[in-house]
Amino acid sequence: MTTAWSRPWCGELSRADLGRHVEVVGWVRRRRDLGGLIFADMRDRSGILQLVFEDDLVARGEELSSEDVIRVSGVVRERAEGQANPDLATGEIELRVEQIELLAEAETPPFVVEDRTTASEELRLTYRYLDLRRPEMMSSLVLRHRTTSEIRTFLDELGFLEVETPILTRSTPEGARDFLVPSRVHRGALYALPQSPQLFKQLLQVAGVGRYFQVARCFRDEDLRADRQPEFTQVDIEASFITEEDIFDLIERCFARVLPLGGIHPPERYPRMSYQEAMERFGSDRPDTRFGLELVELGWCCPGCGFRLLEEAEASGRVKGIVLPGGATLSRKQLDGLAEVVKPFGAAGVLWFKRTADGVASPAKKALGEQGVARFLEAAAASEGDLLLVVCGPQRVVLGALGALRLSLAREQHLIPEGRHDLLWVTEFPLLEWNEDDGRFYAMHHPFTAPLVEDLDRLESDPGSVCARAYDVVLDGVELGGGSIRISDPELQRRMLGALGIDEAQARERFGFLLEAFRYGVPPHGGLALGLDRLVAILAGRDSIRDVMAFPKTTSASCLLTGAPSVVDQSQLDELGLALKAGRGPQPEGSGTAGG
Ligand code: ASP
């Protein structure tokens, strides 16, 4: 018996099938009428096949419109002399149609279903099912599937078990805002959607699973930046009786199998860099090391330099710069534009120094004098023709601003070598982060991340200086994933919560079940989570994670296809015992067209 599963895909037929009688199904892409002869391209998810309607089938071919669904059968033959299309996988063959069945007629779509499209993203998201028919979108879906299944196979081979964890759960301390779901049965009580399966994967270690993974949907109700989604997918991993080295080895071996799917061939082992070094050299905890423009220290040039701005900044904060080789040719307008890059970080502006054949130049020349300007340029090892850009202020501001400036200059000046990819591990993150507004420390990763053993004795006396056993894996300046070795000693967990200002009652209330579990034999454990959307976007060479998600939301968290989030019936609210405060529901953009 032949079943649908043995039917060939349009894009798979080739010269090897010449003379074969086949049946194919798919969508009409376009039709060309040559009078007495009709050519039509047929599309399915694998590619495109040319159909020819001749003789008494011409009339049937004439009836076809774009996006009609058809089933055809006929014989595969070579295209006529000079008709081959080298851009198509099936470009040397065509199907001479003998039978055709129109399975569904299509109305004229709101945009042409082709890779080259002028349709706006709004329109594409509203009619996402048509957008996904476009070959480049379909190939992203295929790549996403390949990536996930390669990761699954790899982890399975190493004895990892895929375990599903609840979606309706309790708020987890991942640090973002939760999505909440009111309970009908327990009036007044709410579930939270998981920001990550963090606590469950740790509980699975207590349970003895030992090696866990999950392709897990995570939910964070954050203000969306351009490339964030309220729900996203992590490859979530946790294992027992391991150290950092085991995690590094695992991910390096995993990427050796996965990254080639996107044409990236990683080295066997990746360099490691401490958080501190990454910040000081690159102004970022996910440094893009594919190009230079490293930050240089200039604080030591400032005392007594004669320029009050720099003297004061050095005394209370930091003064650092970057040298743009050959940058002395930048115009006044370009230099002024740099201020816009650093402003979002709280920097007042960028102070520039130039060395040209005519001498040195800088707006600071009046205060510093010729010699003073030359001294800064020398300190930064700037040669003739180079430009030194200096930012001063609080450390956070200076490092962040120069990190952004570095990336912006590299993009503008095309300093990133084509085809180069750099992977590295960033390690030794600070355990805690001081929050000025709340006057307390927060966990930089989460409260279950273990401190470095050698820093343990400073957890109470100087908590800000303690480093964590946390790590991020970074590709070309993009954080692909991160995790940590966890605290598995109840006494240390108590001290950590103390440093966070979380008292016992609060701890019991929020994640008492985890602390309780740790009393019954907890193995040492750790893990990490990879951002699957970002990983696939990089492999697919796409800028936006929306392009590798089947049904993404807009940057304002609406689904243009379904119209979610939407107002619900009063009866549903009544059942849940809810009353909306403001008299009106959400007003998402778009209206959920297409029969939604
Ligand atoms: N749960 C963490 C996160 O979502 C990852 C980890 O620590 O494994 O960032």
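Every number for a ligand or one of its atoms is a count from 1 in the order of the listing.
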Atoms in ligand 1 flagged as close to L528, the criterion being non-hydrogen separation under 4.0 Å: 8 (O)
Of the listed options R220, Q195, H445, Q202, closest to atom 4 (O) of ligand 1 (non-hydrogen atoms): R220
Under the side-chain contact (heavy atoms from CB on, under 4.5 Å) test, residues paired with L168 that sit two or more places apart: V181, Y191, L193
NZ or CZ of R411 within 45° of F291 ring axis and under 6.0 Å: no
Plane angle bin for F219 and F179 - parallel if under 30°, tilted between 30 and 60°, otherwise perpendicular: perpendicular
Heteroatom distance test (R486, ligand 1): nitrogen or oxygen, under 3.5 angstrom: yes
Subset of ligand 1 atoms that lie under 4.0 Å from at least one heavy atom of H446: 7 (O)
Mutual orientation of the aromatic rings belonging to F429 and Y275 [parallel < 30°, tilted 30-60°, perpendicular > 60°]: tilted
Set of ring pair (Phe, Tyr, Trp, His ring centres under 6.0 Å) partners for F518, sequence neighbours left out: H525
Closest to atom 5 (C) of ligand 1 among G531, G482, S484, S196 (heavy-atom distance): G482
Stacked cation flag R133 on Y129, 6.0 angstrom / 45 deg: no
Enumerated ligand 1 atoms positioned under 4.0 Å from heavy atoms of K201: 6 (C), 8 (O)
Atoms of ligand 1, numbered as shown, that sit under 4.0 Å from any heavy atom of Q234: 3 (C), 4 (O)
Where ligand 1 meets G483 - atom numbers and elements under 4.0 angstrom, heavy-atom basis: 6 (C), 7 (O)
